[in-house]
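Following: one structure in structure tokens, then a few remarks.
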Amino acid sequence: METTDMRMYGDHVNPVVAEILDSLGIKKKYVKAEGHTIEYEHESGATGEILDLACGYGSLIFGHNNPEIVATLQEYLVEKRPVHSQFSYRPVAGLLGEKLASLAKKYLDEEFIIRYANTGAEAVDLAIKHCE
């Protein structure tokens, strides 16, 4: 029997993905993740664990719930640090930019300004602006 949340996903969010998951027999609800493994609950009620080799398409290269990253995030939350302030001075971003620019200079013998992008759309936007 299909669980309500899986049915609602297929009905209201992404019917194509729901159909693919169903046809492959991998309709699973992920309930816990640590390191490079994910625990799941199958629609039949069975539970298990899989090795996550997709790594969130690069967003989880340090694993799910990496202890160092979790500790840093908890520290930020307790201190109520701003985690997204669009128009602000960000020293760590500057340090990374300096390192990346120096590598570009070393290998390409050109000066570069480093721009960060969060999505593919932003990266394309930056590429277009660079070409202009």
Side-chain angles (χ1 to χ4, degrees):
M1 176 179 224
E2 186 174 39
T3 62
T4 303
D5 54 346
M6 288 180 186
R7 183 183 48 74
M8 287 190 316
Y9 181 81
D11 289 349
H12 304 289
V13 179
N14 198 329
V16 174
V17 169
E19 186 178 333
I20 291 169
L21 294 174
D22 190 31
S23 69
L24 294 173
I26 56 173
K27 245 193 237 184
K28 295 175 173 59
K29 177 181 176 183
Y30 298 111
V31 293
K32 185 178 178 185
E34 188 173 353
H36 293 289
T37 59
I38 304 174
E39 291 180 24
Y40 67 86
E41 182 180 289
H42 193 273
E43 65 178 327
S44 68
T47 59
E49 189 175 275
I50 63 166
L51 179 62
D52 178 14
L53 299 175
C55 298
Y57 303 106
S59 66
L60 296 168
I61 58 173
F62 299 111
H64 294 274
N65 297 305
N66 177 287
E68 289 180 52
I69 295 171
V70 168
T72 300
L73 290 172
Q74 287 173 330
E75 178 185 314
Y76 271 54
L77 292 171
V78 167
E79 295 174 1
K80 296 185 171 120
R81 287 194 193 178
V83 292
H84 180 65
S85 42
Q86 187 80 14
F87 298 105
S88 66
Y89 167 72
R90 291 170 274 196
V92 175
L95 289 171
L96 177 60
E98 179 184 42
K99 289 180 189 245
L100 292 172
S102 88
L103 283 171
K105 173 80 172 158
K106 177 180 175 181
Y107 291 105
L108 302 172
D109 198 31
E110 284 188 50
E111 298 290 333
F112 284 91
I113 298 288
I114 303 302
R115 298 289 306 264
Y116 301 105
N118 188 45
T119 65
E122 287 180 6
V124 169
D125 182 54
L126 287 170
I128 290 168
K129 288 176 180 173
H130 176 74
C131 291
E132 291 175 338

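Every heavy atom of this structure was used, including side-chain atoms; hydrogens, water molecules and symmetry mates were not.
Through direct or indirect side-chain contacts shorter than 4.5 Å among Ile, Leu, Val, Met, Phe, Trp and Tyr, Leu24 is connected to Tyr9, Val13, Val16, Val17, Ile20, Leu21, Ile26.
Within a 6.0 Å radius of CD in Glu68, other residues, nucleotides and ligands contribute 12 heavy atoms or fewer. For Glu19, the CD atom counts as loosely surrounded, since its 6.0 Å shell holds 12 or fewer non-hydrogen atoms of other residues, nucleotides or ligands. In Glu34, the CD atom is not crowded: 12 or fewer heavy atoms of neighbouring residues, nucleotides or ligands sit closer than 6.0 Å. Around atom NE2 of His130, no more than 12 heavy atoms belonging to other residues, nucleotides or ligands sit under 6.0 Å away.
Checking side-chain atoms of Glu122 against main-chain N and O of Asn118 turns up a donor-acceptor pair under 3.5 Å. Panel note: side chain Asn66, backbone Phe62; a donor-acceptor pair is recorded below 3.5 Å. A side-chain donor-acceptor contact under 3.5 Å links Tyr116 to the backbone of Gly97.
In this structure, CD1 in Ile114 is found 8.0 Å from CG in Leu96, a value given to the nearest 0.5 Å. Taken from CG in Leu100 to CG in Leu95, the straight-line distance is 11.0 Å, to the nearest 0.5 Å. One finds the OG atom of Ser102 at 12.5 Å from the CZ atom of Phe112 (value rounded to the nearest 0.5 Å). Of the inter-residue distances, the one linking Thr72 atom OG1 with Leu77 atom CG reads 11.0 Å to the nearest 0.5 angstrom.
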Passes side chain to side chain contact (heavy atoms under 4.5 Å, CB included), His42 versus Thr47? Steps please.
CA-CA 6 Å; His42 193 273; Thr47 59; over 6 Å; no
Chi angles and distances behind the salt bridge (Lys or Arg N to Asp or Glu O under 4.0 Å) call for Glu111, Lys105:
CA-CA 6 Å; Glu111 298 290 333; Lys105 173 80 172 158; 3.4 Å; yes
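Here the side chains of His64 and Ile38 are in contact, with some heavy-atom distance below 4.5 Å. A heavy-atom distance below 4.5 Å is found between the side chains of Ile50 and Tyr40.
The heavy-atom pair separating Ala123 from Ala117 by the smallest distance is N-CB, 3.7 Å. Nearest heavy-atom pair, Ile61 versus His36, reported as atom, atom and distance to 0.1 Å: O-CE1, 3.8 Å. Contact between Gly10 and Ala18 at its shortest, heavy atoms only, is CA-CB, 3.5 Å.
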